[in-house]
Amino acid sequence: MKIRFDILRRKDPESRPYLQSIDYEAASPEETVATALTAFGEEGRFTDTAGNTVEPVRWECSCLQKKCGACAMVINGKPRLACDTFLFEEGKKGRIRLEPLGKFPVVADLIVDRSILFENLKTLQVWSDETVRTDEDNTDSAYEASRCLQCGCCLEVCPNFCAGGSFAGTASFVPQARLLVSLSGAERERVRKSYRKHIYEGCGKSLACRNICPAGINIEQLLIRSNALAIWERVRK
Amino acid sequence: MRNVNIIGAGLAGLSAAAVLAEKKIHVSLISAMPSERAQSVLAEGGINAALDVSGEGDTPKEHMADTLRAGGDIADPEAVRGLAYHAPEVVKRLIDIGVPFNQEDGHIAQRYFGGQKKRRTCYAKSSTGKVIMNALIDVVRRYEAEGYVTRYPHHVFEELHAEDGVCRGVTVRDTYSGTSLAFSGPVIVCAGGLAGFFPGLTTGTTINTGEVQAGLFAKGVVFSNLEMIQYHPTTIKTSAKRCLVSEAARGEGGRLFVDRGGSRWYFMEEKYPELKNLMPRDVVSRKIRNVLHDPACGDQVYLEMSHLPDEVWVRRLPDLREEIIHYLGIDPAKDPVPVSPAIHYFMGGIDTDAQHRTNMEGLYAAGECCSLYHGANRLGGNSMLGAVFGGSVAAETCAGEAKDDGSVSPDVVNSREDGAVRSSFKNELCGVLKEALGIVRNEDGLTRAKDEIRERIVPSASCRMEKMIAALAEAMIESALFRKESRGAHTREDYPKRDPAFCGAVTAALVSGKLEISVRRISGDENPV
Ligand SMILES: Cc1cc2nc3c(=O)[nH]c(=O)nc-3n(C[C@H](O)[C@H](O)[C@H](O)COP(=O)(O)OP(=O)(O)OC[C@H]3O[C@@H](n4cnc5c(N)ncnc54)[C@H](O)[C@@H]3O)c2cc1C
Ligand code: SF4
Ligand code: SF4
Ligand code: FES
């Protein structure tokens with residue numbers, strides 16, 4: 001299977017971005033974008049369509065099985081994980097365009113600095129000073145909320161999130177939901193307050209983030225549950 | 001404030017950081033990527049502790065005995081005792097920080113795992129590592145907000161500072177800005193296994209490059225049991241890597257078979273009527289290799305799970321099923337899954353005492369990079385335990401004895417103009433290692449590999465790290481050559497039996513630039529080699 005990759009590249013944050021096109025012969029359509037990028041990381045193996053030697057393309061990866069969030073990028077216009085994107089899906093038209101996520105500062109090529117994700121979790125005080133109770137009622141919700149990869153795909157599509165703004169977005173609310181469903185007493189009040197301020201008040205509830213999460217976290221259900229717990233107090237757990 | 005540097009922010013690094021911060025010691029937590037991307041998040045099946053929730057009479061003593069036996073009797077019994085007896089406490093602490101373990105009848109659930117007759121493995125569906133990491137990250141975040149932990153989450157190891165056999169700190173490079181930072185104070189290494197030596201061939205991550213270990217080895221740090229590499233019997237091949245099919249699949253009732261004369265032969269059940277498909281991993285992987293060499297058998301082993309009740313797919317292994325469907329297009333609830341053994345874990349690594357001290361003062365190691373608990377073969381569910389427990393022991397030891405206070409903030413230093421390790425170098429070296437260090441080894445293959453590393457795999461003149469990696473790779477081969485016996489994961493065709501002379505750790509170290517290999521026997525020193 002032959003695919004032309006158009007990659008938006010940049011040597012460092014100061015230099016100008018440019019588009020480089022590389023023709024790639026995949027051994028099988030079951031390959032993922034990550035497999036191609038691993039190949040593009042090999043020194044001197046590829047020449048671009050303009051005849052220049054391709055300098056190793058910089059991108060981040062770790063698990064190569066959609067479990068760590070490292071390889072999130074914009075693939076044919078959609079935020080996705082490179083290791084979760086098969087060539088048979090996105091390469092049907094023979095072309096795949098890769099760009100870095102747009103809501104974070106670019107470091108180089110497809111690498112962005114997602115520090116804001118972790119800063120936000122600190123701002124929201126996503127931790128507990130007390131024992132966290134999980135029981136048969138809340139274990140499933142706590143499990144679901146523990147699965148966030150901090151990849152940032154959900155923020156890419158969110159009309160209300162911008163780095164540095166007061167709205168922390170889905171990537172913060174999912175880990176926070178673990179505490180919301182498991183805490184009680186004063187600690188729970190603290191988390192509720194933070195949820196109201198940093199999530200509820202900023203979220204437009206458009207649910208553009210609904211079908212984006214590569215971990216398949218049921219964001220809509222977690223949002224409804226969190227709203228019930230933090231705003232309406234309809235359910236205890 | 002005192003400062004301790006931790007390299008690696010997986011289970012071991014986070015666990016160590018939490019212990020130190022609790023004592024109001026500042027931690028510089030250095031990792032190639034944020035914790036969310038560490039290999040620990042991949043752990044699926046569970047974590048062991050003899051809690052005896054199902055009333056089978058399980059005890060820490062039995063946990064200890066199983067661990068030592070599966071490890072070929074070469075792990076330090078005192079260290080393993082500590083591990084097994086503290087395991088219930090470790091799990092209790094994880095429950096208290098809110099890890100959503102599966103529950104049954106109002107208490108934590110436990111499943112069967114390889115090499116153990118009792119239900120001893122606590123789990124959260126098949127994403128146990130991810131949910132434990134998530135809870136530990138939250139714990140460390142609080143210390144970070146309080147100023148006791150500073151994270152350096154896109155920083156890679158450059159060089160250990162060693163003076164007269166004492167560790168004084170470490171230099172790392174910020175991969176985003178290119179700046180090098182020098183940290184002073186003691187160092188706890190929690191850098192994971194050597195998956196990076198085998199690109200594309202392991203179940204692990206690409207960020208565990210083994211560069212930290214190579215850098216320490218070059219400075220004279222002693223390693224042990226480098227020849228002990230665990231091949232997990234059930235992995236599936238994707239275009240990028242080997243993905244694990246957790247032992248939990250067999251713990252919940254999955255059966256291995258191969259076609260023989262047109263019918264399914266459940267070879268493990270016939271050969272091992274007691275533990276059946278749940279024999280320790282070294283045994284299962286060897287057996288798979290053997291049946292595949294048997295001309296009467298088909299050339300693919302399958303894992304049959306279609307008979308598992310819906311309850312298992314919904315409550316206990318939903319993520320595993322999703323993953324197999326996603327990458328192979330096979331639904332394990334309906335059809336058998338083609339599986340094969342692949343590299344999964346490194347029992348060998350940095351040599352430490354039971355308190356996690358290395359041979360270098362001020363340098364400690366814990367987690368998968370350290371060889372302490374698992375001997376010649378690791379039991380499933382014991383490595384998360386070893387990482388969480390070992391990290392905390394290393395931190396306690398370091399807190400109790402570190403003389404050098406270190407400085408809370410690092411100095412910006414000139415970067416060495418050192419080239420990056422080339423992927424062509426890694427791939428070539430991997431080609432040699434994988435041939436020589438398969439499930440079954442022999443003198444010829446190992447000697448050939450040694451020669452190839454010396455003569456054919458030429459490190460780049462502009463990259464010191466390539467040279468250090470080659471030296472550690474050579475030590476792996478030499479260790480495998482040295483251990484002239486078969487034990488645990490190390491099977492020598494030419495020495496098929498266990499030899500009491502090798503009942504202990506095979507150690508490897510560079511002494512004045514020369515590789516020295518020897519054996520440190522576990523009990524007494526009759527028949528020294
Ligand atoms: C697919 C899979 C499933 C598993 N399932 C289980 C299971 O069910 N039960 C069980 O007990 N064990 C399991 N294991 C094993 C277990 O997960 C690991 O052994 C354990 O998590 C290791 O933890 P660690 O903290 O030592 O290392 P890791 O989690 O690997 O962390 C290593 C850290 O070191 C950092 N690092 C590496 N190199 C550098 C460098 N050069 N510079 C700076 N930082 C660096 C990384 O960024 C990372 O933060 C599994 C392993 C895999 C791969
Ligand atoms: S519902 Fe809309 S505003 Fe709220 S997090 Fe999702 S995308 Fe953003
Ligand atoms: S919620 Fe989903 S999309 Fe958003 S950061 Fe977490 S894993 Fe990524
Ligand atoms: S590399 Fe981990 S999610 Fe893609």
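Bear in mind that the values here come from a model prediction, so they are computed numbers and not experimental data. So you know, we letter chains A, B, ... as the sequences are listed, proteins then strands, and number each from 1. For the numbers below, each heavy atom of this structure counts, side chains included, while hydrogens, waters and symmetry mates do not.
- Neither the backbone nor the side chain of Ala108(A) comes within contact range of chain B; no heavy atoms are under 4.5 Å apart.
- Counting heavy-atom pairs closer than 4.5 Å to chain A, the top residue among Lys241(B), Arg315(B), Arg141(B) is Arg141(B).
- Note: Arg142(B) leads Met133(B), Glu144(B), Arg142(B) in heavy-atom pairs under 4.5 Å with chain A.
- In terms of modelled atom types and a separation under 3.5 Å, the side chain of Ser15(B) and the main chain of Val388(B) share a donor-acceptor contact.
- Ranking Arg45(A), Arg178(A), Arg58(A) against chain B, the residue ahead of the rest is Arg178(A), based on heavy-atom pairs under 4.5 Å.
- Of all the listed residues (Thr38(A), Asp129(A), Thr123(A)), the one sharing the greatest number of non-hydrogen pairs under 4.5 Å with chain B is Asp129(A).
- With hydrogens and angles ignored, the 3.5 Å screen pairs a side-chain donor or acceptor of Arg192(A) with a backbone N or O of Leu229(A).
- Highest contact tally toward chain B, considering only Glu43(A), Glu136(A), Glu31(A), Lys67(A), is held by Glu43(A) [criterion: heavy-atom pairs under 4.5 Å].
- Heavy atoms from other residues, nucleotides or ligands lying under 6.0 Å from NZ of Lys11(A) number 12 at most.
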Exercise for review: Tell me, with the steps shown, if Thr131(A) and Asp96(B) meet side-chain hydrogen bond (donor to acceptor under 3.5 Å, both in side chains).
Suggested key: CA-CA 5 Å; Thr131(A) 302; Asp96(B) 283 348; 4.9 Å; no
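- In this structure a side-chain-to-backbone donor-acceptor pair under 3.5 Å is present from Arg111(B) to Gly45(B).
- For a residue to count as touching a neighbouring chain, one of its non-hydrogen atoms must lie under 4.5 Å from one of that chain's; by this rule Leu64(A) touches chain B with backbone and side chain alike.
- Looking at Glu466(B), its side chain does come within 3.5 Å of a backbone N or O of Ser460(B) through a donor-acceptor pair.
- Using a 4.5 Å cut-off between heavy atoms, Ala142(A) touches chain B through backbone and side chain atoms alike.
- Ring to ring, His344(B) and Phe198(B) are not that close: their centroids are 6.0 angstrom or more apart.
- Neither the backbone nor the side chain of Val106(A) comes within contact range of chain B; no heavy atoms are under 4.5 Å apart.
- If you check the side chains of Tyr148(B) and Glu22(B), you find no donor sitting under 3.5 Å from an acceptor.
- Between Glu130(A) and Arg190(A) there is no salt bridge, since no side-chain nitrogen of the basic residue lies less than 4.0 Å from a carboxylate oxygen of the acidic one.
- For the set Asp12(A), Thr32(A), Thr35(A), the count of heavy-atom pairs under 4.5 angstrom toward chain B peaks at Thr35(A).
- Per-residue counts of heavy-atom pairs under 4.5 Å with chain B were compared for Glu42(A), Lys66(A), Glu30(A); the largest is that of Lys66(A).
- Highest contact tally toward chain A, considering only Arg151(B), Glu322(B), Arg422(B), Glu104(B), is held by Arg422(B) [criterion: heavy-atom pairs under 4.5 Å].
- Judged by a 6.0 Å distance limit and a 45° cone about the ring axis, Lys103(A) is not positioned over the six-membered ring of Phe161(A).
- Only the side chain of Val107(A) comes within contact range of chain B, judged by heavy atoms closer than 4.5 Å.
- Between the side chains of Arg37(B) and Ser62(A), not a single donor N or O lies within less than 3.5 Å of an accepting N or O.
- In this structure, no portion of Pro199(B) lies under 4.5 Å from any heavy atom of chain A.
- No part of Thr238(B) comes within reach of chain A, as not one of its non-hydrogen atoms sits under 4.5 angstrom from that chain.
- At a 4.5 Å heavy-atom cutoff, the contact between Asn427(B) and chain A is made by side-chain atoms alone.
- In this structure a side-chain-to-backbone donor-acceptor pair under 3.5 Å is missing from Ser172(A) to Asn120(A).
- A salt bridge does not link Glu36(B) with Arg114(A): none of the charged nitrogens is closer than 4.0 Å to a carboxylate oxygen.
- Heavy atoms of Val140(B) lying under 4.5 Å from chain A are absent altogether.
- For Ser177(B), no part lies under 4.5 angstrom from a heavy atom of chain A.
- Counting heavy-atom pairs under 4.5 Å between each of Val126(A), Asp113(A), Ile111(A), Thr139(A) and chain B puts Val126(A) at the top.
- For Gln39(B), no part lies under 4.5 angstrom from a heavy atom of chain A.
- Contacts with chain A were tallied for Asn102(B), Ile108(B), Asn134(B); Asn134(B) has the most, counting heavy-atom pairs under 4.5 Å.
- Contacts between Ala420(B) and chain A at a heavy-atom distance below 4.5 Å are absent for every atom of the residue.
- Interface remark: of the candidates His107(B), His154(B), Glu323(B), Glu323(B) forms the most heavy-atom pairs closer than 4.5 Å to chain A.
- The backbone N or O of Ala195(B) lies less than 3.5 Å from no partner atom in the side chain of Asn208(B), so there is not a single donor-acceptor pair.
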